[in-house]
Enquirer: 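One structure, pasted below without further comment.
Just so it is clear, the values below take in all heavy atoms, side chains as well, and ignore hydrogens, waters and symmetry mates. In what follows, chains are A, B, ... by sequence order, proteins preceding strands, each numbered from 1.
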Amino acid sequence: MYRTENCGELTEAHVGKSVKLAGWVQKRRDLGGVIFIDLRDRSGLVQIVVNTETAPDAFIIADTVRSEYVISVSGHVVKRDPQSVNEKMSTGTIELLVEEMAIINKAKTPPFAIKDQVDTADDVRLKYRYLDLRRPEMVETLKMRHRITQKIRKYLDEKGFLDIETPILTKSTPEGARDYLVPSRVHPGEFYALPQSPQLFKQLLMVSGMEKYYQIARCFRDEDLRADRQPEFTQVDIEMSFFEQEPFMSMMEQLMVELVDEVKGVKVTSPFLRMTHREAMARYGSDKPDIRFDMELKDLSDIVKDSSFKVFQQAVLGGGQVKAINVKGQAEAYSRKAIDELAVFVSTYGAKGLAWLKVDEGGFKGPISKFFDESTAEKMAAQTQAENGDLLLFVADKAKIVADSLGALRVKLAKDLGLIDESVLSFLWITEFPLLSYDEEAGRYVAEHHPFTMPMMEDIEKLESKPGEVRAQAYDLVLNGYELGGGSQRIYQRDIQELMFKTLGFTKERATEQFGFLLDAFEYGTPPHGGIALGLDRLVMILSGRSNLRDTIAFPKTASASCLLTNAPSEVSPDQLKELSLEIDKPKITK
RNA sequence: GGACCCGUGGUGUAGUGGUUAACAUGCCUGCCUGUCACGCAGGAGAUCGCCGGUUCAAAUCCGGUCGGGUCCGCCA
């Protein structure tokens, strides 16, 4: 037996007991006649002491031990003298007095120190991910991820949901994200796709009468990465029959309430705030607003449309908007140069400029103040709740650009100014999403959520006349400015589903070819159903206080979707290609 | 597809045209019996990501390329 206890779990209750420990050498401190070793395992650290006089054989071994050696020790747990207690260690009041020691395996000096304070570049960490994962904060994050999935499984099990697996090798569908493709050997020239989500299968399970399904499912999307986006990620996928939106949302809320209480000890109140998509876009310029701070977008279009400031005037005349955010009390803090930098920031979202006004006792100050007469200025001040010392920032443009740029600026300023209370978990639901949006590039409407989302019944007759105005029975769960997940009531009637495909520009033939199996299935007694998919990685990221999804995934990909540990993706042999009837059109220039 | 930032001993940084590339930490050796950022003394370790150009001279300037990161587009 290698060990009787775990390092980090030793307490004063063990004092006087003989125990065996095994683990990695965190740190060796050699004082000549006595050697201290901090021994680490998954549970934490404990100090072990080897004395040349009381344990001469062990001392000889301890003398040769180095960082990250795997060792086993036995001895007695003793209480430390009061003056040698280490308050920074959870096991700091005790230590193990070593009697025997053995080296189980030696270790090369690791390329970086195994400790929490990371000062190592991401690429080095990822190349040696197995060492990076030894760092306590990484262990803690993966432990939290485990506790989260365990809680989700327990909760859904208690509510009667069945965990059912769906295929990883499946059918490519053109809607939505780009697919990862897998060539078929048996069917030359044909491909499987990895699932973007188990969407179709979970609906088919509802047709099957499974009634309540869930899966913690890996999903794949061949799109460019972000700090909160990986090409393979994990969804908590949930679907139920005889679905009604309100009770379902309540059940999801209850899961979140219990989960954050268990995992973080944070109490959040239910029901969560609900906000329509239209309101979120108007007030926050985002469909996933961070409502931990104010600084809302204020519409000034009507007030300034007759002003002599041409930029504002023309934006409104052209069908656009003029909106502002009020940066409270920051007029002095932002110099002209600092505001110029903010203008560069909003330009990435397509804004052509960032107008500004500072408020002081004499009224508005700044280069554009001369364009507004007294009564206009008063109305602007009232609309933005402007007071002395405030800084107003304006964007005048098409609605989308105004929302994107001011929405992003609002979040950036809040972060820069420290307006966000990081201890708060701020959940809300966004409802009544548009069903469709017009894709300029494709020259047609595309599904905002996915093509199986049920339109709102009162909008359904507009599907053919004004598709852009149809709202969906869809909802997103938002946490602290991140989209945690989204779901909807699904279409479960063949005729509505066919109408939807038609609206999306599918010919009847193509709809049959791509989704005929679903349309057919709907004709065999399909219950109304709906559900949600939650981004597990993002949930772990937020609850563990990380700002990057990579830190919540044991073996993540880099920004260019490669794995630095295994060097995937990589070239394959000509034989492998031949077997799959594949030819490489543009061979990479070999190194 | 685009923009921006980064690349210098194992690790993290300094050096921004001119001697032997500096510092911290880590590593190695020796000394040290209560350390926990142990201490003290000594030592090894870098063709400055790669290729090309400018120059008498390049870690430094220019172009390209590769790798990492953040964002826009893309993606729910």
Enquirer: Determine the contact category for A:G176: base if any of its heavy atoms lies under 4.0 Å from a base atom, sugar-phosphate if only primed atoms, P, OP1 or OP2 are that close, otherwise nothing.
Expert: sugar-phosphate
Enquirer: With nearest nucleotides of RNA chain B determined for A:D123 and A:N86 from heavy-atom distances, which residue corresponds to the more 5′ nucleotide?
Expert: A:N86
Enquirer: Return no unless some side-chain N or O of A:R226 is found under 4.0 Å from OP1 or OP2 of B:G73.
Expert: no
Enquirer: Please identify which of these residues, A:L534, A:I430, A:L428, meets the side-chain contact (heavy atoms from CB on, under 4.5 Å) condition with A:L477.
Expert: A:L534
Enquirer: Has A:S562 got a side-chain N or O lying under 4.0 Å from the OP1 or OP2 atom of B:G68?
Expert: yes
Enquirer: Write down the partner of B:A37 under the Watson-Crick or G-U wobble criteria, each distance required to be under 3.5 Å.
Expert: none
Enquirer: Output the rounded distance in Å from CZ (A:R229) to C1' (B:G73).
Expert: 10 Å
Enquirer: Relative to each other, are the rings of A:F220 and A:Y180 parallel, tilted or perpendicular (30° and 60° limits)?
Expert: perpendicular
Enquirer: I want to verify a distance call: between B:G69, B:G73, B:A76, whose nearest atom is closest to the A:E483 side chain?
Expert: B:A76
Enquirer: Between B:C32 atom C1' and A:L31 atom CG, what is the distance in whole Å?
Expert: 7 Å
Enquirer: Which heavy atom in A:K202 sits nearest to a heavy atom in A:I238, and how many Å separate them?
Expert: NZ-O, 3.4 Å
Enquirer: I'd like to know if the side chain of A:S74 pairs up with that of A:E99 as donor and acceptor (distance under 3.5 Å, no hydrogens or angles considered).
Expert: no
Enquirer: On RNA chain B, nearest-nucleotide positions of A:A177 versus A:T348: which is more 5'?
Expert: A:T348
Enquirer: Can you check whether A:K27 has a side-chain N or O nearer than 4.0 Å to OP1 or OP2 of B:C38?
Expert: yes
Enquirer: Round to a whole Å and report the spacing from OH of A:Y128 to P of B:U11.
Expert: 8 Å
Enquirer: Using a heavy-atom cut-off of under 4.0 Å over every strand shown, decide if A:T558 touches base, sugar-phosphate, or nothing.
Expert: sugar-phosphate
Enquirer: Is there a side-chain polar atom (N or O) of A:N548 under 4.0 Å from OP1 or OP2 of B:U70?
Expert: yes
Enquirer: Checking all strands, does A:E448 fall into the base, sugar-phosphate, or nothing category for heavy-atom contacts under 4.0 angstrom?
Expert: base
Enquirer: Between A:D38 and A:R29, is the closest basic N to carboxylate O distance under 4.0 Å?
Expert: yes
Enquirer: So does A:R550 get a side-chain nitrogen or oxygen closer than 4.0 Å to the phosphate oxygens (OP1/OP2) of B:G69?
Expert: yes
Enquirer: Who is the Watson-Crick or G-U wobble partner of B:A46, with both distances under 3.5 Å?
Expert: none
Enquirer: On a whole-Å scale, what distance lies between the C1' atoms belonging to B:U20 and B:U47?
Expert: 15 Å
Enquirer: Both distances below 3.5 Å, Watson-Crick or wobble geometry, any strand: find the nucleotide opposite B:A22.
Expert: B:U13
Enquirer: Determine the Euclidean distance between corresponding P atoms of B:U13 and B:C6; express it in Å to zero decimal places.
Expert: 12 Å
Enquirer: Separation of A:Q230 atom CD from B:U70 atom P, in whole Å?
Expert: 9 Å
Enquirer: Report the relative orientation of the aromatic rings in A:F515 and A:F452; use parallel for angles under 30°, tilted for 30 to 60°, perpendicular for over 60°.
Expert: perpendicular
Enquirer: Across the strands shown, which category fits A:R66 at heavy-atom distances under 4.0 angstrom: base, sugar-phosphate, nothing?
Expert: sugar-phosphate
Enquirer: Does a nitrogen or oxygen in the side chain of A:S197 sit under 4.0 Å from OP1 or OP2 of B:A76?
Expert: no
Enquirer: Would you say the side chain of A:D30 and the base of B:C32 hold a donor-acceptor pair, judged only by whether the two atoms sit under 3.5 Å apart?
Expert: yes
Enquirer: Calculate the interatomic distance between A:D122 atom CG and B:G12 atom C1'; express it in whole Å.
Expert: 14 Å
Enquirer: Quick one: is B:G10 close enough that its OP1 or OP2 comes under 4.0 Å of any side-chain N or O from A:T109?
Expert: no
Enquirer: Check this for me: does the side-chain of A:E95 come within 3.5 Å of the base of B:G34 through a donor and an acceptor?
Expert: yes
Enquirer: Provide, to the nearest angstrom, the distance between the CZ atom belonging to A:F59 and the P atom belonging to B:G34.
Expert: 12 Å
Enquirer: Quick one: are A:W429 and A:E253 in side-chain contact, heavy atoms under 4.5 Å?
Expert: yes
Enquirer: Return the nearest nucleotide to the side chain of A:E223; candidates are B:U70, B:A76, B:C75.
Expert: B:C75
Enquirer: Could you tell me whether the side chain of A:D81 has a donor or acceptor atom within less than 3.5 Å of a complementary atom in the base of B:G34?
Expert: no
Enquirer: Distance check needed: B:C72 P versus A:I401 CD1, whole Å only.
Expert: 14 Å
Enquirer: Using the C1' atoms only, state how far B:C50 lies from B:A59, rounded to an integer number of Å.
Expert: 14 Å
Enquirer: Which nucleotide sits closest to the side chain of A:S560: B:G68, B:G10, B:G69?
Expert: B:G68
Enquirer: Report the nucleotide, chosen from B:G12, B:G68, B:C36, that has the shortest atom-to-atom distance to any side-chain atom of A:D38.
Expert: B:C36
Enquirer: Counting heavy atoms from C-beta on, name the nucleotide in B:C36, B:G69, B:U70 closest to the side chain of A:A227.
Expert: B:U70
Enquirer: Output yes when at least one side-chain N/O atom of A:R29 is less than 4.0 Å from OP1 or OP2 of B:C38, else no.
Expert: yes
Enquirer: Could you tell me how far B:G12 sits from B:G26 if I compare only their P atoms? Round to whole Å.
Expert: 15 Å
Enquirer: What does A:L225 touch in the nucleic acid at a heavy-atom separation under 4.0 angstrom: a base, only the sugar-phosphate, or nothing?
Expert: nothing
Enquirer: Sticking with atom P, work out how far B:C36 lies from B:U25, rounded to a whole angstrom.
Expert: 15 Å
Enquirer: Indicate, yes or no, whether a donor-acceptor pair under 3.5 Å links the base of B:U33 to the side chain of A:N51.
Expert: yes
Enquirer: Please tell me if A:K88 has a side-chain N or O lying less than 4.0 Å from either OP1 or OP2 of B:A37.
Expert: yes
Enquirer: To the nearest 0.5 Å, tell me how far A:N51 CG sits from A:F36 CZ.
Expert: 9.0 Å
Enquirer: According to the Watson-Crick and G-U wobble definitions, with both distances under 3.5 Å, which nucleotide is paired to B:C4?
Expert: B:G69
Enquirer: Checking salt bridge (charged side-chain N to carboxylate O under 4.0 Å, His left out) against A:E68, which of A:R40, A:K108, A:R28 comes through?
Expert: A:R40
Enquirer: By a 5.5 angstrom centroid cut-off and a 30 degree plane limit, is there stacking between A:F36 and B:U35?
Expert: yes
Enquirer: Do any side-chain nitrogens or oxygens of A:R28 fall under 4.0 Å of OP1 or OP2 in B:C36?
Expert: no
Enquirer: What is the distance, rounded to the nearest whole Å, between atom CD of A:E175 and atom C1' of B:C74?
Expert: 15 Å
Enquirer: In whole angstrom, give me the gap between the P atoms of B:U60 and B:G49.
Expert: 8 Å
Enquirer: When you measure from the side chain of A:A121, which nucleotide among B:G12, B:A76, B:C32 comes out closest?
Expert: B:G12
Enquirer: Measuring only the C1' atom in each nucleotide, how far is B:A58 from B:U16? A whole number of Å is fine.
Expert: 11 Å
Enquirer: Could you tell me how far B:G43 sits from B:C4 if I compare only their P atoms? Round to whole Å.
Expert: 47 Å
Enquirer: So does A:E137 pair up with A:R135, basic N to acidic O under 4.0 Å?
Expert: yes
Enquirer: Side chain of A:Q47: nearest nucleotide among B:C36, B:C32, B:G73?
Expert: B:C36
